Amino acid sequence: MKILITGGAGFIGSHVVRRFVNTYPEYQIVNLDKLTYAGNLENLTDIEAKENYTFVKGDIVDQSFIEDLFEKEKFDCVVHLAAESHVDRSISNPLEFVMTNVVGTVNLLNAFKTHRTNPDGFFYHVSTDEVYGELGDSGKFKETTPYDPNSPYSASKASSDHFVRAYHVTYGLPVKLSNCSNNYGSHHFPEKLIPLFINNIQNNKPLPVYGKGENVRDWLFVEDHASAIDTIFHKGTNGETYNIGGNNEWTNIALVKLLCKLMDSKLGRPKGTAEELISYVKDRAGHDFRYAIDSTKLMTNIGWRPSLQFEEGLSKTIDWYLKNEEWLNHVTSGAYMDYYKEQYEER
Ligand code: NAD
Ligand code: DAU
């Protein structure tokens with residue numbers, strides 16, 4: 001079976017590629033990635049020489065390139081992760097999110113519909129819980145929760161989900177979808193809360209907490225997301241959506257304080273050192289208050305379970321960053337500094 005994984009050089013994509021390449025030597029895995037600021041082949045050095053792995057550099061927005069690739073390769077299945085993924089960047093540049101997340105997804109759907117030859121093959125779209133909008137103090141997102149996206153990022157992901165479903169209904173294209181909560185773990189680009197704050201604590205830089213830090217997110221270890229994708233890929237039903245979450249809700253400020261405590265201890269600094277770096281800054285525009293996921297369908301129908309408790313996962317994540325300073329130095333050089341200035345200098 002030949003599987004195209006898009007966005008495989010990114011954070012979650014690299015974990016999915018690694019899992020599929022290592023677990024299923026009988027599958028041919030092709031990783032298609034544009035290598036934007038978020039894509040990094042250093043995330044995949046441990047598997048790049050494997051016989052069942054190929055990397056292709058390319059842009060999913062480039063229609064003729066995508067058509068040619070699908071015509072040549074006749075993929076059996078697609079696992080689509082390539083996306084612009086950061087909410088703050090979507091607020092500054094929404095059109096880039098429309099191009100990659102919406103137009104790019106439709107290009108892939110068209111090419112797969114035209115060139116697929118395996119009747120059992122399917123298009124698996126990896127999406128986010130942010131499509132459901134925000135929750136108040138109670139309740140959880142179910143697969144039946146109406147879409148209500150608030151940021152340009154979540155609007156673009158909601159649109160791409162709708163296109164995937166529309167291709168299933170209109171053209172009978174076999175599809176699967178999943179909507180996952182916030183991931184954390186190794187190889188996470190330091191623009192997102194956890195890796196940004198790990199990097200800033202290491203460098204004694206302020207920790208910019210948006211608003212009052214009371215917003216709530218449900219955190220899942222990235223390797224557990226990859227295992228859920230594996231489970232849905234192999235056992236999920238055609239046309240269905242599965243919600244994936246960690247049942248692990250934290251206010252941002254409680255999470256940041258836990259991170260500070262772990263970092264002080266790992267860096268051998270006196271207790272309370274990192275917390276002094278906390279700085280409350282202007283809130284994110286349209287900041288969703290709370291996300292929480294009900295994963296009952298995934299757990300009950302096809303038997304997935306997360307493997308790690310949060311504190312253990314966070315500790316492993318910090319250890320990875322402390323051991324991989326070179327990775328961090330590479331991704332924080334050059335354009336990263338311009339981004340950081342633009343986002344935080346006047347906040
Ligand atoms: P990421 O930003 O780390 O990686 C995205 C990857 O896509 C990068 O390798 C990038 O080079 C590639 N890419 C971007 N534009 C491309 C294009 N036009 N053509 C080809 N490749 C392109 O993102 P991530 O956090 O790993 O997220 C992966 C997927 O999972 C996304 O679809 C995202 O919406 C979804 N998701 C993320 C989270 C999370 O917490 N990070 C949670 C739920 C769902
Ligand atoms: O819920 C799934 C989504 O989780 C994914 O679809 C997105 O791709 C992913 O980026 C993530 O979105 P969030 O906006 O929730 O993640 P982020 O790490 O940017 O922010 C987490 C919380 O921390 C959020 O409430 C905003 C806050 N925050 C973030 C940053 C970067 C801060 O307080 N300060 C910061 O500097």
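Since this is a predicted model, take the numbers as computed values, not measurements. As the structure lists them, so they are numbered: ligands from 1, and atoms in each ligand from 1.
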Would you say the ring centers of [X] and [Y] fall short of 6.0 Å from each other?
| X | Y | answer |
| --- | --- | --- |
| F310 | W250 | yes |
| F233 | F122 | yes |
| Y37 | H86 | no |
| H15 | H225 | no |

Which protein non-hydrogen atom lies closest to [atom], naming both residue and atom, and how far is it?
| atom | answer |
| --- | --- |
| atom 25 (O) of ligand 1 | F11 CD2, 3.7 Å |
| atom 7 (C) of ligand 2 | S85 O, 3.5 Å |
| atom 36 (O) of ligand 2 | Y344 OH, 2.7 Å |
| atom 33 (O) of ligand 2 | Y210 N, 2.8 Å |
| atom 4 (O) of ligand 1 | G10 CA, 3.5 Å |
| atom 42 (C) of ligand 1 | S181 O, 3.3 Å |
| atom 32 (O) of ligand 1 | K157 NZ, 2.6 Å |
| atom 11 (C) of ligand 2 | N182 ND2, 3.4 Å |
| atom 34 (N) of ligand 2 | P208 O, 2.8 Å |
| atom 43 (C) of ligand 1 | C180 O, 3.3 Å |
| atom 5 (C) of ligand 1 | A83 O, 3.4 Å |
| atom 1 (O) of ligand 2 | D129 OD1, 2.5 Å |

Counting heavy atoms only, name the option from [options] that's nearest to [atom].
| atom | options | value |
| --- | --- | --- |
| atom 21 (N) of ligand 1 | K34, R217, H86 | K34 |
| atom 17 (P) of ligand 2 | N215, L193, V281 | L193 |
| atom 10 (O) of ligand 2 | R347, K192, R290 | K192 |
| atom 36 (N) of ligand 1 | V61, I194, I12 | I12 |
| atom 44 (C) of ligand 1 | S178, S127, G39 | S127 |
| atom 40 (O) of ligand 1 | N179, N183, N31, V131 | N183 |
| atom 31 (C) of ligand 1 | I60, L108, N101, L81 | L81 |
| atom 22 (C) of ligand 2 | T128, V256, N252 | N252 |

- [ ] Classify the angle between the aromatic ring planes of F75 and F70 as parallel (below 30°), tilted (30 to 60°) or perpendicular (above 60°).
- [x]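 F75 vs F70 ring planes: perpendicular.
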
Open item on the list: Parallel, tilted or perpendicular: which one describes the rings of H162 and Y147, with boundaries at 30° and 60°?
Closed with: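 The arrangement is tilted - the two ring planes meet at 30° to 60°.
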
Give a yes/no verdict on whether any heavy atom in [X] is under 4.0 Å from an atom of ligand 1.
| X | answer |
| --- | --- |
| V126 | yes |
| A9 | yes |
| G58 | yes |
| G8 | no |

Could an N or O of ligand 2 be found under 3.5 Å from any N or O of [X], whether backbone or side chain?
| X | result |
| --- | --- |
| V87 | no |
| H287 | yes |
| E130 | yes |
| S181 | no |

[X], any N or O under 3.5 Å of ligand 1 N or O:
| X | answer |
| --- | --- |
| D33 | yes |
| T36 | yes |
| N182 | no |
| S85 | yes |
| E84 | no |
| Y153 | yes |

Below 4.0 Å, non-hydrogen atoms only: which portion of [X] touches ligand 2? Side chain, backbone, both or neither.
| X | value |
| --- | --- |
| D288 | neither |
| S154 | neither |
| R284 | side chain |

So if I count the atoms of ligand 2 from 1 in the order they appear, which ones are less than 4.0 Å from some heavy atom of [X]?
| X | answer |
| --- | --- |
| V209 | 33 (O) |
| H86 | 19 (O) |
| C180 | 2 (C) |
| L196 | 36 (O) |
| Y153 | 5 (C), 6 (O), 7 (C), 8 (O) |

What atoms of ligand 1 come within less than 4.0 Å of a heavy atom belonging to [X]?
| X | answer |
| --- | --- |
| T100 | 15 (N), 16 (C), 18 (N) |
| L35 | 11 (O) |
| D59 | 17 (C), 18 (N), 19 (N) |

Task: Nearest heavy atoms of V102 and S159, plus distance in Å - done: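 Nearest pair, atom of V102 first, then S159: CG1-OG, 3.5 Å.
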
TODO: Compare every heavy atom of R18 with every heavy atom of D46, then report the nearest pair and how far apart it is.
DONE: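 Residues D46 and R18, closest heavy atoms: OD2-NE, 2.8 Å.
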
Open item on the list: Looking only at side-chain N and O atoms, does S315 offer a donor or acceptor that is under 3.5 Å from a partner on K266?
Closed with: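 Judged by distance alone, the side chains do pair up.
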
Open item on the list: As an exercise, state the distance from CG of L314 to CG of L308, rounded to the nearest 0.5 Å.
Closed with: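 Between atom CG of L314 and atom CG of L308 there are 11.0 Å.
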
Task: Nearest-0.5 Å distance, CG of residue N183 to CG of residue D224 - done: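 Here the rounded value is 9.5 Å.
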
Open item on the list: Test side-chain hydrogen bond (donor to acceptor under 3.5 Å, both in side chains) on N200 and Y344; report intermediate values, then the result.
Closed with: CA-CA 12 Å; N200 284 12; Y344 295 103; over 6 Å; no

Task: E191 to ligand 2, any heavy atom closer than 4.0 Å - done: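 Within the 4.0 Å threshold, so yes.
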
TODO: Could you tell me if any non-hydrogen atom of Q343 lies under 4.0 Å from any atom of ligand 2?
DONE: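 The answer is no, since Q343 has no heavy atom less than 4.0 Å from ligand 2.
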
TODO: Take F112 and H80 through the test ring pair (Phe, Tyr, Trp, His ring centres under 6.0 Å) and record every step on the way to the result.
DONE: CA-CA 11 Å; F112 186 57; H80 174 37; over 10 Å; no

